[in-house]
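Worksheet: one structure, shown below.
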Amino acid sequence: MPRPRKGTIQKPKNTRKTIAGIIKYIGKQRGLLFGMILFVIISSAATVSAAIFIQPIIDDYLKPMVGQEFTWELIRPLVRMSIFMGSIFLLGAAAAFGQTRCSVFLTQRTLNTIRKDLFDAVSDLPISYFDSQPNGEIMSRFTNDVESLRNFLSQGVTQLISSGIMIVGSFIIMLSLSWQLTILIVVMVLLMVLIVKKIGSKSALYFKKQQKNLGEVNGYIEEIIEGQKVVKVFNHEGEVSSHFGEINENLRKASTSANTFASILGPIMNNLSHVNYALTAALGGLLAVMSGVMSAGSIVAFLQYTRTFAQPVSNLSQQFNNALAALAGAERIFDVINETPELDNGYVTLVNAVADENGNISESEQRTGIWAWKHAHGDGTVTYRRLEGGVEFEDVTFSYDGKKTVLDDISLYAKPGQKIAFVGSTGAGKTTITNLINRFYEIDKGKIRYDGINVQKIKKDDLRRSLAIVLQDTHLFTGTIEDNIRYGKLDATRDEIVRAAKLANADSFISNLPDGYDTMLTGDGSNLSQGQRQLIAIARAAVADPPVLILDEATSSIDTRTEKLIEQGMDQLMNGRTVFVIAHRLSTVRNANAIMVLEHGRIIERGDHDELLEQKGKYYQLYTGSFKLP
């Protein structure tokens, strides 16, 4: 069984860049951000100002009342002050509600934009990226990493702003009450910051490791679930469980370490705040008794501000956990978003066209059934060439990694309407040739021409729109059978879909299903046989009606009887089209115009069926059974 990839765990490559990226996305919601900041300021100011009233209430209203006879005139100033305080508290509560609502909308809209950009970035990545990344690792960006970012955005952003306001406001007022006690508070806060920095550096390392291991766990789970039949066939449940236990244990260790360091911050901050409160009360009492510089009201008010000042520091330390996870997740998200997308320097496009009686091609806004390549030249002129489907390889060399050559000096051509077949051992390079036609990968040397045009000059979307591919491994989407066939041509009518299904000989089994073409497919079409799924894939290619068709082991999952039933339909599908066929069943390529025999990335034999048999080479051995394909 494949083991998960292992790698060294690193700290964030560029924390400032990651933070700047988060700020950039938050800044796109300027109205909500401004509203949230305004409400935070009002709410925080209300909280800070509440303690201002403690000193006058004690010194100016309560102390004079001691020993006095209770009268309305005596308590009237206190009542007015209480009403004024209550109004401020109500304003603060209303602002806190507005802050929460703005924060919710800001968070969700920001995440919505990030998810969309992430999905668009993944869609624009080249096939080579997916060859090197497990699906679960990519999925982890959309789930775990986005969730970590959500936790921070929903709470951390407002905490940062409100805590900053409360710290600055409280500090100014404390300084006005007693500079001596303020120095004590500053010393204690610096001690807290040093502790947070020390523990936070350890926590950051393990949070990064936790996100990495979480991606590996998800990737392995997805891989094993998809291959569950293989696991059971070979009785590898024990080994699979053992492998999962290893990577799951790595995740547990990383998560335990990360949350251990993050969790101890809260208790440490709380205990230090209690110590700070006690020291402040003791020193304040000494100042009041010995020098009389502080009144009782001033001491009580300062103690309240001690709480007000320490609380945001404690809150920030508790948010440190979410902040580290969010930074780790955001960095992984931005790594994908900032990946180099699939490059496309093509400028030749595919357009609808019409031809006059002299064969001259011109562009049409209507769908005519005739397609042409629109070639804009440097001098401003535009020429049109009818799409016919001729393909030519000229001295093409290719490697996936830049080291091991997969195709070596390949030259071949397919005239419009010809059927070209590739046979050879596994790994000989058959599928690679077809992947180069549609530019899933870029060649190292040589040229590939499509209707005489270098494919690198053709825009990839237009190039691929002129091709249809039926792969050995079919993939069906969640939806009806009709939807899956229509994927080949999104504006196809029901009649066109039925016609394509009949062409692929899929109509008979579809019509016998309880819901026919409206049968819902789930789990990659798990409620159908492998052969039925392949027939739907062939129908999907048929409805696209392309000039060039690539069949990569398209009938490998169809039994011999079914293969013969669709042979006539396939011939109709291939009629008038340039067709590239990759097949292990040599019976399916006997009527090909040319058969290429590949070995180790080279064409060692070429010719039609009869010519190759006469040569009595590799093809002869394969066909007569004296040599079997691995």
Side-chain angles (χ1 to χ4, degrees), residues 124-133 339-350 373 375-378 385 387-416 418-467 469 471 547-552 578-582 592-607 617-619:
D124 291 338
L125 291 174
I127 293 294
S128 57
Y129 179 85
F130 300 96
D131 292 340
S132 60
Q133 295 289 330
E339 276 283 342
T340 302
E342 186 175 19
L343 299 178
D344 187 4
N345 298 320
Y347 52 87
V348 178
T349 58
L350 188 63
W373 298 111
H375 194 159
H377 301 280
R385 176 164 186 162
L387 170 60
E388 296 176 326
V391 178
E392 179 183 2
F393 279 58
E394 181 182 322
D395 303 325
V396 172
T397 298
F398 172 75
S399 64
Y400 286 103
D401 56 5
K403 299 176 182 178
K404 183 180 179 181
T405 300
V406 178
L407 295 179
D408 187 9
D409 199 27
I410 294 291
S411 294
L412 60 90
Y413 65 88
K415 294 181 179 180
Q418 282 191 328
K419 179 180 179 182
I420 308 298
F422 299 106
V423 299
S425 306
T426 299
K430 305 183 296 296
T431 299
T432 301
I433 289 178
T434 59
N435 284 337
L436 296 181
I437 295 175
N438 52 39
R439 291 186 69 191
F440 280 162
Y441 306 93
E442 301 296 343
I443 60 177
D444 300 330
K445 189 178 71 172
K447 290 184 180 179
I448 302 176
R449 294 186 177 90
Y450 192 173
D451 284 334
I453 304 170
N454 190 326
V455 293
Q456 293 183 344
K457 296 180 180 180
I458 303 174
K459 290 187 71 68
K460 288 184 178 180
D461 287 347
D462 295 83
L463 173 65
R464 292 166 185 170
R465 194 149 50 97
S466 70
L467 304 166
I469 303 177
L471 300 172
V548 175
L549 183 64
I550 297 173
L551 305 174
D552 188 352
T578 305
V579 182
F580 293 94
V581 181
I582 299 173
N593 298 99
I595 301 172
M596 310 288 176
V597 183
L598 281 86
E599 192 68 39
H600 302 303
R602 286 180 169 271
I603 299 176
I604 59 173
E605 295 176 15
R606 71 182 73 200
K618 185 66 172 288
Y619 182 83

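These figures come from a predicted structure and were not determined experimentally.
Between Val406 and Gly429, the shortest heavy-atom distance links the atoms CG1-CA, 4.5 Å. Across all their heavy atoms, Phe580 and Thr434 have their closest contact at CB-CG2, 4.4 Å. Minimum heavy-atom separation, Gly389 to Asp451: N-OD1, 2.9 Å. For the pair Asp344 and Arg439, the tightest heavy-atom approach, listed with the atom from each and the gap, is OD1-NH1, 4.0 Å. When all heavy atoms of Leu598 and Ala428 are compared, the pair lying nearest together is O-CB, 3.6 Å. Among all heavy-atom pairs drawn from His377 and His375, the shortest one is CD2-O, 3.5 Å.
Using a 4.5 Å heavy-atom cutoff, the side chains of Asp124 and Glu342 are not in contact. Counting heavy atoms from C-beta outward, Ser132 and Tyr400 have side chains that stay 4.5 Å or more apart. Counting heavy atoms from C-beta outward, Ile410 and Leu436 have side chains that stay 4.5 Å or more apart. Between Val581 and Phe422, the closest side-chain pair of non-hydrogen atoms is not below 4.5 Å. Considering only heavy atoms from C-beta on, Val348 stays 4.5 Å or farther from Asp462 through its side chain.
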* Asked: Please walk me through it: do Asp395 and Ser411 pass side chain to side chain donor-acceptor pair (under 3.5 Å)?
  -> CA-CA 5 Å; Asp395 303 325; Ser411 294; 3.1 Å; yes
* Show your reasoning for whether side chain to side chain contact (heavy atoms under 4.5 Å, CB included) applies to Ile437 and Tyr450. => CA-CA 8 Å; Ile437 295 175; Tyr450 192 173; 5.6 Å; no
* Yes or no on side chain to side chain contact (heavy atoms under 4.5 Å, CB included) for Phe398 and Asn435, after CA distance, side-chain angles and deciding distance? -> CA-CA 11 Å; Phe398 172 75; Asn435 284 337; over 6 Å; no
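To the nearest 0.5 Å, atom CD1 of residue Ile448 and atom CZ of residue Phe393 are 4.0 Å apart. The structure places CG of Asn438 at 4.0 Å from CD1 of Ile469, a figure rounded to the nearest 0.5 Å. The distance from atom CD1 of Ile604 to atom NZ of Lys618, rounded to the nearest 0.5 Å, is 5.0 Å. Atom-to-atom distance recorded for Lys447:NZ and Arg449:CZ is 5.0 Å, nearest 0.5 angstrom. To the nearest 0.5 Å, atoms CG (Asp408) and CD1 (Ile603) are separated by 11.0 Å. The line from OG1 of Thr349 to CG of Asp461 is 11.0 Å long, rounded to the nearest 0.5 Å.
Judged by distance alone, with hydrogens and angles left aside, the side-chain atoms of Thr405 form no donor-acceptor pair with the main-chain N or O of Ser399 at under 3.5 Å. In terms of modelled atom types and a separation under 3.5 Å, the side chain of Asn454 and the main chain of Gln456 share a donor-acceptor contact. Looking only at distances, a side-chain donor or acceptor of Lys430 sits under 3.5 Å from a matching main-chain atom of Gly424. A donor-acceptor contact shorter than 3.5 Å links the side chain of Lys460 to the backbone of Leu343.
By the 4.0 Å N-to-carboxylate-O rule, Glu599 lies too far from Arg602 to be salt-bridged with it.
Tyr441 and Thr432 are not linked by any side-chain donor-acceptor pair at a separation below 3.5 angstrom, with hydrogens and angles left out of the test.
Surrounding CG of Asp401 are more than 12 heavy atoms belonging to other residues, nucleotides or ligands, all under 6.0 Å away.
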